[in-house]
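The structure appears right after this line, and notes come after that.
Just so you know, these numbers come straight off a predicted model, no measurement behind them. Side chains are part of it too, since the values below use all heavy atoms of this structure and drop only hydrogens, waters and symmetry mates. Just so it is clear: chains get the letters A, B, ... in the order the sequence lines come, proteins before strands, and each one is counted from 1.
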Amino acid sequence: MAPAASKLYADDVSLLMVLIDTNPFFWNSINTSLSFSKFISNVLAFLNSILLLNQLNQVVVIATGYNSCDYIFDSSALQNHNQKGESLLQKLEEFVDKDESLCRDDSVDGPGFSLLSGSLSMALCYIQKVFRSGPLHPRPRILCLHGSPDGPGQYVAIMNAIFSAQRSMVPIDSCIIGAQHSAFLQQASYITSGIYLKPQLLDGLFQYLTTVFATDLHSRSFLQLPKPVGVDFRAACFCHKNTIDMGYICSVCLSIFCKHHKKCSTCGSVFGQAQTQDSSTPDRKRKTSVDN
Amino acid sequence: MLRKETNGEERRLNRDEEDEEEEENDRGHDAWERTYADERSWEALQEDESGLLRPIDNKTLYHAQYRRRLRTATAARIQKGLIRYLYIVIDLSRAATETDYKPNRMVVVARQVEAFIREFFDQNPLSQIGLLTLKDGVAHCLTELGGSPESHIKALMGKLVCSGDASLQNGLDLVHSLLNQIPSYGHREVLMLYSALSTCDPGDIMETIQKCKSSKIRCSVIGLSAELYICKYLCLETGGSYSVSLDEPHLKELVLEHAPPPPAIAEFAISNLIKMGFPQRAAEGVISICSCHKEAKVGGGYTCPRCKARVCELPTECCICGLTLVSSPHLARSYHHLFPITPFDDVAVSSDPHKVPKNCFGCQQSLLAPGKRLLFLLYVIMIRDE
């Protein structure tokens, strides 16, 4: 950035981190009107419109793959301004090839899960770097264009990312391009005060993106944007994975059970008795004792 | 009633640990003056390329990273007490009117406790805090044990008056009687912010300490003036930590160290299954009478799954049926204590120029600039393993 421009940061300058879902299994299984190439052209037009809204706006694109995530585009990196689209597409192609090469040994049925937790973490790292670069910086936000189903193994990592986004006051917006709602992203948008949207007609994706997700954070207070409806905060029990609205929590490891058990299956604590040094401890936890 | 000075009181001036104003006055400089005369803090400022002053926080940043690494390295596989019932005991004796912390100790302590309460409920959403004060040799309860930060902060920001002596024994007695009423799966803790250099007790404080030890209460003390033997003994016996702060930033650091859950001492809390409810959020536009404020409210509350009463915020206890109501993000907040990330390794940049990447994997910052340290990112591997 030119030195003179850095002193002119107003309220409406934004840094938009876009996380694009490139999971090949998901894109193969989707049978609606939106193909990956049409999706990318919608997104490219949207990114151009963001950069046109304000001269100081920045856009960073991260691709969420099946095995890895990587940066695809950074508008603040010094490059030839006429070839932004080409460089993005080229990097995207390289990324998809690399991701596929990492995948050769696995055989997957169904849409598979993309690494949302990885790309959220990378986006937050970049935002932290921007925060530490000085007192004048654009206001960051994250937009997830996601379609793959939620991977239950990523729950803890995604919740950690959500809480750190909440602390840094970075909203996480989500636009769902798949068939079903994503409970993780619903919670993410609710907790971080972002916007969650599942467009009904994917043909007009560009219109949804520009009317809902293009405005900067300062102007959002003046607009009527989609409100969160029906966020499900119920937990799933560890034994059957059913959603329950009343359950039992182990006081040691906070595992959720739907029925009363004698012993916690996660941490091995026996309920109702004081812990002793000789009780069997699983390899995940060790209890410590005090030497006075 | 006779009050006698306890035998446990000793004053030990540890010159390495703290600044006594009487000493420096001989040299003609107060502690605050030394930062200008001796350390020349203005020479440490730097400008960045656009002429703006760059804040120099590298040293504190590295120090904080170093301390965090020490903590996580030792505490990685140790069970932590997640459901905590913590009493904060604030010393409002005459010693709290000292002005070595600007404007005076009481205001600084109130400020730090407020920040601590917010951080505490952020990291331990299922826990509860209560506030006590020591004044005129007697301990008073400022707020009851509760899970909502607002009521405690409101009481703290009210008028606080300092007078009289501090009594450690009365404080511990009151805490002991209050903490006996909590459920057996909770971890009992006390954090004392002690400014005085003496304690004025009605009986034998050693007996009280033994009583606290047998009730499994973990007492920690943060001293504001000097190290006291009786506080050190108390913390040693009950398994807490004792520290003395040097100045306000150090006090903030010490207080916030108590926010993450401490290592759980075996046998201290009986593990139990706690019945909890996960209420659904009511739809916008639904009108109902809320059970906490006793008035009609539109939309935006939660419905208790057992008795269908409406509550305004979570986590809370339903006023009607007593069921603890939480949401799954509250439980998820404690997961990073249960599954902490592995500490990062420091890698020297000059080790092998071919192996070291040009840009940071996480944030794309260039790693070739001089003076940058490289931390090998193990977290990516952790995320993939899940």
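Proximity to chain B is limited to the side chain of A:Asn160, based on heavy atoms less than 4.5 angstrom apart. At a 4.5 Å heavy-atom cutoff, A:Ile62 makes no contact with chain B through either its backbone or its side chain. For A:Gln128, no part sits under 4.5 Å from any heavy atom of chain B, backbone or side chain. Of the atoms belonging to A:Ile191, it is side-chain heavy atoms, and not backbone ones, that fall under 4.5 Å from chain B. For a residue to count as touching a neighbouring chain, one of its non-hydrogen atoms must lie under 4.5 Å from one of that chain's; by this rule B:Leu126 touches chain A with the side chain only. Proximity to chain A (any heavy atom under 4.5 Å) is restricted, for B:Leu323, to the side chain, taken from C-beta onward.
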Exercise. Run the numbers on A:Asp74 and A:Tyr126 for side chain to side chain donor-acceptor pair (under 3.5 Å), then give the verdict.
Key: CA-CA 11 Å; A:Asp74 185 348; A:Tyr126 190 92; 3.0 Å; yes
Quiz prompt | Stepwise salt bridge (charged side-chain N to carboxylate O under 4.0 Å, His left out) check, B:Asp122 with A:Arg167 | solution = CA-CA 10 Å; B:Asp122 201 42; A:Arg167 282 188 97 153; 3.6 Å; yes
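Of the residues considered (B:His187, B:Gln280, B:His330), B:Gln280 shows the highest number of contacts with chain A, using heavy-atom pairs under 4.5 Å. In terms of heavy-atom pairs under 4.5 Å with chain B, the best-connected choice from A:Gln166, A:His261, A:Gln187, A:Lys129 is A:Lys129. Between chain A and the options B:Leu82, B:Thr324, B:Asn272, heavy-atom pairs under 4.5 Å are most frequent for B:Asn272.
Taking 4.5 Å as the limit, some side-chain heavy atom of A:Ile142 sits within range of a side-chain heavy atom of A:Leu124. B:Lys275 has its side chain out of reach of A:Ile249: every pair of non-hydrogen atoms, C-beta onward, lies at least 4.5 Å apart.
Taking the ring centroids of A:Tyr190 and A:Tyr196, they lie at or beyond the 6.0 Å cut-off. Aromatic ring centroids of A:Tyr248 and A:His260 lie under 6.0 Å apart.
Classified by interplanar angle (parallel below 30°, tilted 30° to 60°, perpendicular above 60°), the ring pair A:Phe271/A:Phe257 is perpendicular.
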